[in-house]
Amino acid sequence: MLPSGWEVTTAVILAIVSFPVSLVLTRFFMQVNSKRGIVGIDVHKLSKPRIPEMCGAAIPVTLILLSSAYVLTGGGNAITMLAFSLVVGSAAIVGAVDDRLKLRGIYKPLLTLLCGLPIVALGLVYPNQVYNPTLQVPIFGSFHLPIIYPLSIPVAISVTSNTTNMLDPLNGTMAGGVSIISAALLIGVLITGPTPSTVFLYACLLFSALGFFYFNRYPSRAFSGNVGQLSIGAALGALAILGRTEIASIVAMFPQIQNSFFFLSKIKRFTEHRALTAKPTKLLDDGRLASSSDPKAPLTLVRTLLVGRPAKESEVVSTIFALFLISGALALITMILIR
Amino acid sequence: MTRLNQRAVSLQLLVFVTQWGLMIIGFGILAVVVAPLRLQFDPSLGRYFDAAVKAMIALVLSISWLFIWDRQVRLYFYRKREVTAEPA
């Protein structure tokens with residue numbers, strides 16, 4: 001039996017529905033986007049296959065549909081679900097606009113700052129129902145941040161959405177990584193005193209990411225696009241705030257943080273991967289990936305894993321998943337230490 | 001079964017555990033030392049001044065944390081290839 005009984009159990013059971021929903025929606029977007037010519041080239045394959053893009057839209061649609069269904073069936077906190085849906089929906093719109101219009105690199109972080117505003121606004125209207133400005137710290141207790149906490153919410157959403165957007169260079173890395181993160185945080189929430197809404201949203205994120213991962217895993221048959229990457233990242237950020245798992249979420253996202261930090265510290269500006277003149281990796285004639293020898297290339301996580309050792313794409317993806325398992329385990333320990 | 005780059009995973013494990021420990025210590029400093037400080041000189045703006053100073057301290061701590069992370073990764077992964085990866 002789960003810690004707080006029937007409500008938590010029904011939350012998990014309903015969230016499992018998001019797996020088939022996400023699966024069907026991804027399949028739908030694959031067909032529609034293929035017909036409309038919304039495709040991307042898988043540059044890490046010798047055959048350079050054309051893969052349907054923007055199929056990650058299945059995840060925000062699933063999350064919003066299931067959140068609405070959960071509230072309509074009488075479960076969870078309607079304000080929490082509304083805040084979550086608004087954040088995910090607005091980030092998906094920013095991603096979709098970027099996918100279609102190819103915005104400059106600076107616009108994504110700026111526009112995703114706005115995606116955090118629904119949480120701040122609802123928090124002002126319904127104090128203590130949306131977020132709690134007391135940050136819980138492992139071992140050392142907690143501290144109250146009445147001014148800094150709400151101000152940092154838009155920044156947090158922008159950082160989580162863009163850092164998730166940046167760590168999807170290989171087949172399945174984003175969806176698989178987010179699945180591992182969500183699973184770790186879901187277990188942590190279940191162990192440390194669950195609220196049904198938080199359990200439902202983490203389980204929903206896990207199963208909808210898995211539904212998309214089925215088609216996105218190596219070798220990919222569907223690409224996420226910015227619409228999927230930004231909305232999933234925003235979902236992680238929103239859940240960290242709404243579910244009070246801020247520090248554990250930072251720990252779980254260590255691979256993304258490392259990737260983004262090293263990218264930005266080298267390039268020193270917000271830019272798109274497609275705009276880079278020096279690519280961090282290169283494709284060898286035998287189909288393996290190798291670290292770039294170009295001194296101007298950014299030190300991305302994939303490049304770091306390939307230093308001095310060229311590898312197959314599937315091998316690098318598995319290594320990245322191992323890193324997510326490590327960060328997920330550390331996040332779980334963090335949550336236990338906070339309890 | 002797909003092989004893992006075990007050397008990279010081991011080194012990254014070391015990096016993540018170190019950064020995790022440093023992060024907890026950093027939050028501990030904020031919770032135990034910085035948060036209880038009272039820096040309110042002007043009663044009208046004191047609350048905001050207090051928050052701004054504490055935010056600056058948190059920012060300095062997080063930049064230091066990222067700097068150590070940067071040095072650690074460069075030391076473990078890019079030391080031998082510094083000539084090709086990082087020209088002076």
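Predicted, not measured: the structure shown is a model, and the values here were computed from it. Basis for what follows: all heavy atoms, side chains included, without hydrogens, waters or symmetry-related copies.
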Counting C-beta onward and ignoring hydrogens, is there a side-chain heavy-atom pair between B:Val9 and A:Thr319 closer than 4.5 Å? yes
Relative to chain B, which of A:Leu305, A:Thr304, A:Ile250, A:Ile148 shows the most heavy atom pairs under 4.5 Å? A:Thr304
Which region of A:Ile139, side chain (C-beta onward) or backbone (N, CA, C, O), has a non-hydrogen atom less than 4.5 Å from a non-hydrogen atom of chain B, or is it both or neither? side chain
Is any side-chain heavy atom of B:Phe16 closer than 4.5 Å to a side-chain heavy atom of A:Pro255? yes
What are the two closest heavy atoms between B:Asp70 and A:Phe261, and how far apart are they? CB-CE2, 3.7 Å
Under a 4.5 Å heavy-atom cut-off, does chain B meet the side chain of A:Pro146, its backbone, both or neither? side chain
When rounded to the nearest 0.5 angstrom, what is the spacing between OG in A:Ser142 and CG in B:Leu30? 12.5 Å
Heavy atoms from other residues, nucleotides or ligands near OH of B:Tyr76 exceed 12 (cutoff 6.0 Å): yes
Non-hydrogen atoms of chain B under 4.5 Å away: do they reach the side chain of A:Leu301, the backbone, both or neither? side chain
Based on non-hydrogen pairs under 4.5 Å, which of A:Val251, A:Ile320, A:Ile333, A:Ile247 is most in contact with chain B? A:Ile247
Of all heavy-atom pairs linking B:Phe27 and A:Leu135, the shortest is CE2-CD2, 3.7 Å
Distance-only donor-acceptor check, side chains A:Gln258 and B:Gln12, under 3.5 Å: yes
Region of A:Ala322 that comes under 4.5 Å of a non-hydrogen atom in chain B: side chain
Which pair of heavy atoms, one from B:Ile24 and one from A:Phe140, lies closest together, and at what distance? O-CE1, 3.6 Å
Measure distances from A:Leu306 to the heavy atoms of chain B and classify the residue's part below 4.5 Å as side chain, backbone, both or neither. neither
Please work out which of the three classes, parallel, tilted or perpendicular, describes the rings of A:Phe254 and B:Trp65, given edges at 30° and 60°. tilted
Please assess B:Val73 against A:Leu299 for the test side-chain contact (heavy atoms from CB on, under 4.5 Å), listing each intermediate value before the final yes or no. CA-CA 10 Å; B:Val73 170; A:Leu299 308 178; over 6 Å; no
What option among B:Gly28, B:Ala52, B:Ala8, B:Pro36 has the most heavy-atom pairs under 4.5 Å with chain A? B:Gly28
Can you tell me which portion of B:Val15 sits under 4.5 Å from chain A's heavy atoms? Options are side chain, backbone, both or neither. side chain
If we only count heavy atoms from C-beta on, is the B:Trp69 to A:Ile257 side-chain gap below 4.5 Å? yes
Engaged part of B:Gln19 at the chain A interface, taking heavy atoms whose separation is under 4.5 Å: both
For chain B, find which of A:Val317, A:Leu323, A:Leu145, A:Ile147 contributes the most heavy-atom pairs closer than 4.5 angstrom. A:Ile147
Flag if over 12 foreign heavy atoms under 6.0 Å of NZ, A:Lys45: yes
Student check: side-chain heavy atoms of A:Arg303 and B:Phe77 closer than 4.5 Å: no
Closest heavy-atom pair and its distance - B:Trp20, A:Thr334: NE1-OG1, 2.7 Å
